[in-house]
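Below is one structure, written out as structure tokens, with a few remarks after it.
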Amino acid sequence: MLDDDVLDLSGESAGERGLDSSSPFFVTKKAAAVLKHAILDSYVVPFASKVGRYAPDGRVVYLDGYAGPGRYEDGTPGSPALILDSAARIAGFRQLDCYFVERAPKNYQSLAALVSEASAQGLAAHALKGHVEKHLGQILDRAAGAPLFAFLDPFGLGLSFETLTQQIFGSRSVHGTTGRHATEVLLNFDANAVRRIGGLLTSPKDTPGKPATLRAMDAACGGSWWREEFLASQNNTEAVRRITTGFADRVARAVRGGYWTIDVRNRAHHQVAYCLVHFSRHKEGMWLFGEAASLAQVEWRRACLPPPEEGTLFNAGDTFDDEEEQRARAWVARIRKNLEGLQQQLGTFTIDDHQSEILAGVLGQARNKHIRAAVKQLHKDGMTSCNGVGDVRRLRVTPPPQRRQP
Ligand SMILES: C[S@@+](CC[C@H](N)C(=O)[O-])C[C@H]1O[C@@H](n2cnc3c(N)ncnc32)[C@H](O)[C@@H]1O
């Protein structure tokens, strides 16, 4: 567990700020939070629907380890309110058994009120007070034999690498990766913490708590390897990219899974506020998450638009749809190139087997409908016999017909 000096340095008290820079995180929601919530909102229902099919009584366990108060002060749903809403939507065919953990007493109070309302409506919801580390064992016991989705969204550093890989993933069945054995984690890897803690490596100042903070970062990353990465980087942007990827690679290797990383900013031109890293041990989860991330990015771009001004002829929102179409055209062109590369390399291939190659350059942005559009273009231009109709992932792309020699 981290002491308060460490938490200060790791960014917990700095946190994210609301639109009004004087107001704290939970007063209003910033664009970065829009993206993470939109991802949760569009992912958890399809996840629970799919994996819950094989679970006893259709029960799927959801853990929000750093839950916050549940709602922002302006009433906007935080992650708990969003998930309880998802749980209510699927209650007819899935039981989302939700565990929300929060250590700050004031946040816990609002969270507990929200959760007791949900329980009174028949949802399986539990608010737990204190550190997530303290409750984790008991929650994992409750999740034995059921699919598990964990959302870990701390300010600054969260669970240690060991807890994530050995306690969460390691405690889950190795007999299968799907259905009731499914284990997925979506975590917030805080770029501000990387910058702040990395800065300590070169700072001559004797900051209180410095050695402990560096050790806490070692524990979060699974070793001190990140220090070399930070020092070898040209700038903070490169350091955040190298350390996030190094972390995700190491976790994925340890748990024998795949991962997505999605950079989250408050504005397109801002530095990354945090990276959402999603770990799944199953191809299905990787595809479902890609779809959710892409849809969430649309909401994020919309949330970044400046508010419309009265009395002006032109508002940024007026051209939003056109810009979205332009973006989509560029993604389809990129995907088409990737498909052509695979045709050259492999001849015939199935979309399902090549997600990362097909989406290279547009990962987290484009989704299945853009892949379909690219296949259809190829077909229209006589470059494949695959017509792009049917389940996108099952499409088998064939190579272009051999040109006849004159
Ligand atoms: C970024 S906020 C959570 C936001 C929330 N997930 C949402 O999307 O609405 C992080 C929360 O984690 C709480 N927290 C920090 N360390 C914790 C720990 N070890 N265990 C449980 N909660 C913790 C903080 O008090 C804070 O409310």
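Counting starts at 1 for both ligands and their atoms, in listed order. Computed from a predicted structure; not experimentally measured. This chain uses plain numbering: 1 for the first residue, then up along the sequence.
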(request) Kindly compute the distance separating CD (Glu299) from OG (Ser42), expressed to the nearest 0.5 Å. (result)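 Separation between the atoms: 7.0 Å.
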I need the atoms of ligand 1 closer than 4.0 Å to a non-hydrogen atom of [X], numbered in the order shown.
| X | answer |
| --- | --- |
| Lys36 | 8 (O) |
| Ala67 | 5 (C), 6 (N) |
| Asp153 | 1 (C), 2 (S), 3 (C), 4 (C), 5 (C), 6 (N), 7 (C), 8 (O), 10 (C) |
| Gly130 | 20 (N), 21 (C) |
| Glu133 | 19 (N) |
| Gly78 | 9 (O) |
| Gly68 | 27 (O) |

(request) Return yes when Gly65 approaches ligand 1 closer than 4.0 angstrom through a heavy atom, no otherwise. (result)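 It does; at least one heavy atom falls under 4.0 Å.
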(message) Is Lys134 close enough to touch ligand 1? Criterion: a residue heavy atom under 4.0 Å from a ligand atom.
(response)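 Per 4.0 Å heavy-atom rule, Lys134 does not contact ligand 1.
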Heteroatom distance test ([X], ligand 1): nitrogen or oxygen, under 3.5 angstrom:
| X | result |
| --- | --- |
| His37 | yes |
| Glu102 | yes |
| Val132 | yes |

(request) Flag the pair Trp225 / Phe247 as yes when at least one side-chain heavy-atom distance between them is below 4.5 Å, and no otherwise. (result)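 In contact.
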(message) Tell me whether Trp300 contacts the main-chain N or O of Arg265 through its side chain, where contact means a donor paired with an acceptor under 3.5 Å.
(response)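 Judged by distance alone, yes, a pair lies under 3.5 Å.
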(message) When you measure from the side chain of Gln355 to the backbone of Met286, do you find a donor-acceptor pair of N or O atoms at a distance under 3.5 Å?
(response)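 Checked: pair present.
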(request) Compute the ring centroids of Phe151 and Tyr62, then answer whether they are less than 6.0 Å apart. (result)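 Distance test on ring centres: not under 6.0 Å, no.
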(request) Report yes or no: do Thr398 and Thr384 form a side-chain donor-acceptor pair below 3.5 Å? (result)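 Thr398 vs Thr384: donor-acceptor pair found between side chains.
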(request) Decide whether Asp352 and Trp287 meet the rule of one side-chain donor and one side-chain acceptor closer than 3.5 Å. (result)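 Their side chains do contain a donor-acceptor pair, which is all the 3.5 Å distance test asks for.
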(message) Counting only heavy atoms from other residues, nucleotides and ligands, does the tally under 6.0 Å from CD of Glu162 exceed 12?
(response)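 Counting neighbours around CD of Glu162, 12 or fewer heavy atoms of other residues, nucleotides or ligands fall under 6.0 Å, so no.
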(request) Return the option from Ser79, Pro154, Ala33 holding the heavy atom at the smallest distance from atom 5 (C) of ligand 1. (result)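 Comparing heavy atoms across Ser79, Pro154, Ala33, the nearest one to atom 5 (C) of ligand 1 lies in Ser79.
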(message) With a 4.0 Å cut-off on N to O distance, would you call Glu324 and Arg327 a salt bridge?
(response)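 Salt bridge: yes.
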